[in-house]
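The structure under discussion appears below in the form of structure tokens.
Values below: every heavy atom of this structure, side chains too, minus hydrogens, waters and symmetry copies.
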Amino acid sequence: MHRSPENHAGPLRLRFISWIKIMKSSMRYKWMLLLVLFSLTPLVVMGIISFSISKSTINHKVTEYSEHLLYQTADNLDTRLGIYKDMMMQVLNNNEIVGMLRNLDRAEQASYDVDSLSLTTKLSTIVAINQDVQSISFVSAQHYIKGIYRWNPRTPAEVEPFLQTLDGGSNFRWYPTRYGTYVDSLNSQSTHVFSVAKQLYKISDDSPLGIVAVLDIREDVIKELVSKAVSNNRDLQSFVMDGSGNLVSYPDSGLIGRSVTEVLGQSGYEQLVHSGLEETRFPLVYKGDSLIVNAKKLHTNDWVVVNVISKAALYQDSNRLLQIFIFVGLLCIVFSVIAALVLANSITNPILKMIRLMRQVMSGELSVRYKAKSRHDEIDILGDNFNSMVERIDELLKAVYLEQDQKRMAELKALQAQINPHFLYNTLDIIKWTALIQKANNAAEMVSLLSRLLRISLGKGEETVTVEEEIEHVQCYLGIQKFRFNFNIETFVELDEEVRHLRTPKLILQPIVENAMMHAFGDMESGGSIRISCSKAPGNLVWFEVADNGKGMDAALVSSLLTGKAADEDKLGGIGLANVDERIKLICGKMYGIEIRSELGAGTAIRIKLPLITDDISIRGSR
């Protein structure tokens with residue numbers, strides 16, 4: 001069955017609350033939290049400060065390095081373009097070349113192209129020292145004059161832009177990169193070239209000749225200069241564009257001559273072309289990439305050198321540093337947690353051990369002791385004091401138990417002393433009268449019964465006798481009593497074999513049977529019966545029962561018998577029953593003793609509840 005997020009949130013919230021409660025209540029977790037916080041807080045603070053400083057430093061260095069490369073590239077390009085201008089001036093200041101050009105320009109216009117082997121030879125000698133130059137050509141309103149190579153195609157449309165140089169006077173004019181094809185009598189070749197053009201003047205009077213010299217230079221020259229500057233940084237892209245935003249040189253030759261919008265978008269184009277600044281630096285987002293663009297205009301012309309670096313590359317070292325910090329931080333966290341756990345356990349484990357020992361003492365085990373370590377710290381001192389306290393409690397309890405045992409022994413002897421003299425007095429009285437009346441025949445039998453009775457009563461000084469001996473004791477008593485009364489009281493004894501050899505506190509049946517004989521039957525001369533039984537019961541119990549069919553008692557009299565406060569104590573035997581009940585409780589425990597059930601006119605049943613005893617026991621006191 002699918003459970004909604006709310007159902008999942010309930011147990012998670014309860015677990016979180018439970019964890020918070022543990023953290024608040026457990027000393028171990030408090031110690032761990034405290035140690036971890038104290039160890040990690042300086043680390044985290046120093047890490048954040050160090051990372052911030054390092055990131056700022058790295059970013060500053062990378063930015064500074066990018067700007068340095070930009071300046072270096074711009075300076076190199078200005079220097080190289082200056083060399084080309086000087087080369088152009090060497091050509092324009094050569095009298096022979098100027099003379100040849102004047103003569104060629106006066107030629108017939110039957111052909112648009114004018115060739116001169118002498119001019120080609122002279123120019124080749126001059127430009128041979130610089131392999132960057134692709135060709136030198138000359139154009140005028142009348143002719144296209146072949147220099148080293150001939151343009152192909154060389155239509156008026158191709159030549160016309162260079163005639164605009166005539167409008168600039170003596171200034172140099174730079175033309176962006178184009179893809180040109182050059183031919184001669186032997187071969188042809190095509191390449192990207194950019195051009196510098198300048199009008200020719202008479203050397204004698206500096207008057208213009210209407211002829212423009214065009215120096216074509218391979219674009220590879222710029223690409224090589226730029227690539228050398230950024231060769232150590234693959235994440236840095238550098239290129240050159242003209243003042244109109246067209247690419248003069250670019251790593252991808254297929255984009256040369258196109259607008260810078262194709263590599264930096266419209267936003268980059270606007271900021272580069274229309275900023276009007278000699279230097280500029282701005283962030284740019286293009287095709288999802290965050291970029292930083294640095295640009296510097298050349299001094300030689302309106303061309304601009306542009307460096308583009310990705311922020312991801314810029315922050316690469318910073319991110320690597322952050323990863324190192326995180327890794328080291330995680331290691332420190334793991335180490336701190338382990339160290340905190342070990343240290344917290346070294347403090348809390350002895351305390352937990354002492355708590356367990358205290359709980360054992362609370363459950364009654366006074367033999368437990370705290371074993372101190374060899375370090376002898378405050379916990380060990382506490383453990384020593386705990387041991388002394390437990391030993392003292394044990395001594396006091398033993399003293400109390402001994403005092404109570406002695407007190408109960410004295411009480412038991414006092415109770416027995418209350419029972420035995422009274423019975424012996426009556427027995428001796430019966431023997432006296434029997435001897436007078438029957439001339440001592442029955443006296444012998446009574447004395448025999450009395451002897452057996454006293455033997456069982458006194459025993460060997462033990463507190464308990466077997467059930468069989470207790471039954472025999474009461475039978476002796478009944479035998480003696482038959483001589484006392486003139487009427488017959490039938491007695492029945494039911495004894496299970498399995499309880500015959502169990503033990504019971506002695507002298508507990510005789511006072512009950514005596515009470516029944518003295519008070520249960522009143523003036524009945526026949527028909528009275530007393531039934532004595534003993535059997536096991538569930539729960540390791542033994543039950544004695546003395547039941548008679550006498551006149552019974554009311555509830556008030558029953559409740560007063562066990563307290564020893566009956567209205568006529570001497571006649572009802574209240575002291576006897578109360579003494580027996582108290583003695584049973586002293587020997588066996590408070591949950592044992594006498595129960596009385598009686599109803600007027602229906603007889604009385606007195607039950608004695610005892611534990612299952614197999615050996616002689618001493619007085620145990622209240623359980």
Side-chain angles (χ1 to χ4, degrees), residues 84 87-88 91-92 97-98 100-124 126-127 132-201 208-222 241-250 253-259 262 301-303:
Y84 301 144
M87 183 178 296
M88 176 69 81
V91 174
L92 300 184
I97 294 175
V98 173
M100 292 179 188
L101 290 173
R102 292 178 67 183
N103 293 330
L104 291 171
D105 192 46
R106 296 192 192 103
E108 297 290 335
Q109 295 188 15
S111 175
Y112 183 75
D113 292 338
V114 178
D115 294 340
S116 173
L117 180 60
S118 298
L119 178 63
T120 301
T121 303
K122 190 67 175 179
L123 292 174
S124 298
I126 294 177
V127 301
D132 299 345
V133 178
Q134 178 65 30
S135 178
I136 299 178
S137 302
F138 303 91
V139 294
S140 67
Q142 295 80 20
H143 299 290
Y144 166 75
I145 303 174
K146 172 184 173 292
I148 298 177
Y149 289 97
R150 178 182 291 113
W151 297 351
N152 189 24
R154 52 191 180 278
T155 61
E158 296 289 333
V159 175
E160 181 64 29
F162 294 99
L163 294 176
Q164 298 176 7
T165 306
L166 299 173
D167 300 330
S170 61
N171 294 326
F172 288 90
R173 188 180 183 92
W174 296 88
Y175 291 89
T177 304
R178 71 185 188 280
Y179 191 74
T181 301
Y182 298 88
V183 297
D184 59 11
S185 59
L186 298 177
N187 57 28
S188 66
Q189 53 183 299
S190 299
T191 185
H192 284 95
V193 295
F194 64 92
S195 304
V196 57
K198 190 177 187 308
Q199 182 178 189
L200 274 73
Y201 288 84
L209 297 177
I211 301 174
V212 177
V214 180
L215 183 64
D216 293 334
I217 306 162
R218 291 183 292 105
E219 180 270 338
D220 290 342
V221 175
I222 299 179
M241 71 175 196
D242 64 12
S244 300
N246 297 319
L247 296 173
V248 175
S249 177
Y250 194 77
S253 298
L255 295 176
I256 293 177
R258 298 186 183 182
S259 174
E262 298 195 25
N301 51 27
D302 64 349
W303 292 359

For the residue pair [X] and [Y], what are the closest heavy atoms and their distance?
X      : Y      : answer
Val91  : Leu123 : CG1-CD2, 3.9 Å
Trp151 : Tyr144 : N-OH, 3.0 Å
Ala197 : Val214 : CB-CG2, 4.3 Å
Leu119 : Lys146 : CD2-O, 3.9 Å
Arg218 : Val193 : CA-CG1, 4.1 Å
Gly169 : Tyr201 : C-OH, 3.1 Å

How long is the span from the [atom1] atom in [X] to the [atom2] atom in [Y], to the nearest 0.5 Å?
X      : Y      : atom1 : atom2 : value
Asp132 : Asp216 : CG    : CG    : 13.0 Å
Thr191 : Ile217 : OG1   : CD1   : 12.0 Å
Glu219 : Leu247 : CD    : CG    : 10.0 Å
Ile256 : Arg178 : CD1   : CZ    : 13.0 Å
Ser140 : Arg102 : OG    : CZ    : 13.5 Å
Asn301 : Asn171 : CG    : CG    : 12.5 Å

Go through the steps to decide whether Ile97 and Ile126 satisfy the test side chain to side chain contact (heavy atoms under 4.5 Å, CB included), and finish with yes or no. CA-CA 11 Å; Ile97 294 175; Ile126 294 177; 3.3 Å; yes
For the side chain of [X] and the backbone of [Y], is there at least one donor-acceptor N/O pair under 3.5 Å apart?
X      : Y      : result
Thr177 : Val248 : yes
Thr120 : Gly147 : yes
Ser244 : Asn246 : no

Are Phe194 and Trp303, when compared by the centres of their aromatic rings, separated by less than 6.0 Å?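 For Phe194 and Trp303, the ring centres are under 6.0 Å apart.
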Answer yes or no: is there a side-chain heavy-atom contact under 4.5 Å between [X] and [Y]?
X      : Y      : answer
Leu209 : Leu101 : no
Asp105 : Gln142 : yes
Lys122 : Ser116 : no
Val139 : Leu163 : yes
Val133 : Met87  : yes
Arg150 : Asp115 : yes
Leu104 : Ile211 : no

For Glu158, give me all partners under salt bridge (Lys or Arg N to Asp or Glu O under 4.0 Å), at least two apart in sequence or on another chain.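 Glu158 satisfies salt bridge (Lys or Arg N to Asp or Glu O under 4.0 Å) with no residue once adjacent residues are dropped.
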Contacts of type ring-ring contact (aromatic ring centres under 6.0 Å, His included), residue Tyr149, not counting sequence neighbours: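 So Tyr149 forms no ring-ring contact (aromatic ring centres under 6.0 Å, His included) with any residue.
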Could you list the residues that satisfy side chain to side chain donor-acceptor pair (under 3.5 Å) with Asp302, not counting sequence neighbours?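 Testing Asp302 for side chain to side chain donor-acceptor pair (under 3.5 Å), a comparison that skips the adjacent residues, returns none.
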Could you check whether Thr165 and Tyr175, counting side-chain N and O atoms only, form a donor-acceptor pair closer than 3.5 Å?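 Short answer, yes.
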List the steps and the verdict of side chain to side chain contact (heavy atoms under 4.5 Å, CB included) for Gln199 and Ser170. CA-CA 6 Å; Gln199 182 178 189; Ser170 61; over 6 Å; no
